[in-house]
Amino acid sequence: MKRVLCLFMAAAMTMSAAFLTGCNDDDDNGDKHAAPTLTLKGGDIKAVHEIQPTMSVVVDVTAPAGISDLTVKIESPCLTAEVLGELGLAQTMNLVNPATAEMAAGLKELGFPVGDEVKNKTSLSINISQLVPMIAMIYNQDSNHNFVLTVIDADKQKSVETLKFHLTPAQ
């Protein structure tokens, strides 16, 4: 009888351990998802790019766990808080939850996806090919213009990349 009771207890403990091992927040393989990535389509996201009258600026965002937060921070002597404020925008903007409906509309006009176009997506593209060349149309000084993109996924993993642009004024 003792032997049967010991075997029963050993089986129960083994099953409990197997159950507890299988209960976690990771995916089916027991591993977290890959961290989010930000890449520049057709280019090096870490390089400095000269602003041209026409240029392709498309950032591909991937987040296998799903995007929970995506922000853009603009660092530019041209696109100041005052200038952006007149357009209903700000120097730091959350694409998942824009601060106002006016900001959401302004972001969409400039090529940024917002709200449900971003939240929980595992991949998306941000096309700012119209926005970047506009800088040369309103500013004519040798200058640097950065767009800091931060993506956080559902696993709380964060990736940050800075799109760097340089403007050489027309002569």
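Residue Ile74 holds its CD1 atom at 6.5 Å from CG of Leu131, rounded to the nearest 0.5 Å. Here the straight-line distance linking atom CD1 of Ile138 with atom CG of Asn140 works out to 11.5 Å at 0.5 Å rounding. To the nearest 0.5 Å, the span separating CD on Glu50 from OG1 on Thr168 amounts to 3.5 Å. The distance from atom CG of Leu89 to atom CG of Leu84, rounded to the nearest 0.5 Å, is 5.5 Å. Note that the CG atom of Leu87 and the CG atom of Leu79 stand 8.5 Å from one another [nearest 0.5 Å]. Put simply, CD1 on Ile67 and OG on Ser123 are 8.0 Å apart, with the number rounded to the nearest 0.5 Å.
The side-chain heavy atoms of Thr39 and Ile45, taken from C-beta on, include no pair separated by under 4.5 Å. Between Leu163 and Val132 there is no side-chain heavy-atom pair separated by less than 4.5 Å. In this structure the side chain of His145 reaches within 4.5 angstrom of the side chain of Leu167, judged on heavy atoms. The shortest side-chain heavy-atom distance between Thr71 and Met93 does not fall under the 4.5 Å cut-off. The side-chain heavy atoms of Glu161 and Val59, taken from C-beta on, include no pair separated by under 4.5 Å. When side chains are defined from C-beta on, Asn94 does not count as touching Leu70, because their heavy atoms never get closer than 4.5 Å. A heavy-atom distance below 4.5 Å is found between the side chains of Met55 and Val57. Taking the side chain as every heavy atom from C-beta outward, Asp60 and Leu124 never approach each other to under 4.5 Å.
Residues meeting the side chain to side chain contact (heavy atoms under 4.5 Å, CB included) test with Asp116, sequence neighbours left out: none. Listed by chain and number, the residues in a side chain to side chain contact (heavy atoms under 4.5 Å, CB included) with Thr162 are Asn146, Val148, Lys164 (sequence neighbours excluded). In terms of the side chain to side chain contact (heavy atoms under 4.5 Å, CB included) criterion, Ala101 has no residue partners (sequence neighbours excluded).
Residues Ser125 and Asn127 bring no donor and acceptor atom of their side chains to less than 3.5 Å of each other. Checking Thr62 against Thr37 by side-chain atom types alone, a donor-acceptor pair falls below 3.5 Å. If you check the side chains of Asp142 and His166, you find a donor sitting under 3.5 Å from an acceptor.
Ring-plane geometry between Phe147 and Phe165 is classed as perpendicular, the angle between the planes exceeding 60 degrees on a 0 to 90 degree scale with a lower cut at 30.
No side-chain donor-acceptor contact under 3.5 Å links Glu75 to the backbone of Gln91.
The minimum heavy-atom distance linking Val83 with Cys78 is given by the pair CG2-O, 3.7 Å. Considering all non-hydrogen atoms of both residues, Ile51 and Ala136 come closest at CG2-CB, 4.1 Å. Scanning both residues, Pro64 and Ala34, for their nearest heavy atoms gives CD-O, 3.5 Å. Considering all non-hydrogen atoms of both residues, Asp44 and His49 come closest at O-NE2, 2.9 Å. Closest of all the heavy-atom pairs between Asp153 and Ala35 is OD2-CA, 4.5 Å. The minimum heavy-atom distance between Ala154 and Ser68, with the atom names listed, is N-OG, 4.1 Å.
Among the candidates Thr122, Val151, Leu95, the single residue satisfying the side-chain contact (heavy atoms from CB on, under 4.5 Å) test with Val61 is Val151.
In this structure, Val72 is not a member of the same hydrophobic cluster as Ile152, with clusters built from ILVMFWY side-chain heavy atoms closer than 4.5 Å. Residues Ile128 and Val58 do not share a hydrophobic cluster, clusters being chains of Ile/Leu/Val/Met/Phe/Trp/Tyr side chains in contact below 4.5 Å. Cluster membership check: Met134 shares its hydrophobic cluster with Met103, using side-chain heavy-atom separations under 4.5 Å among Ile, Leu, Val, Met, Phe, Trp and Tyr.
Applying the 6.0 Å contact sphere to CD of Glu117 captures more than 12 heavy atoms from other residues, nucleotides or ligands.
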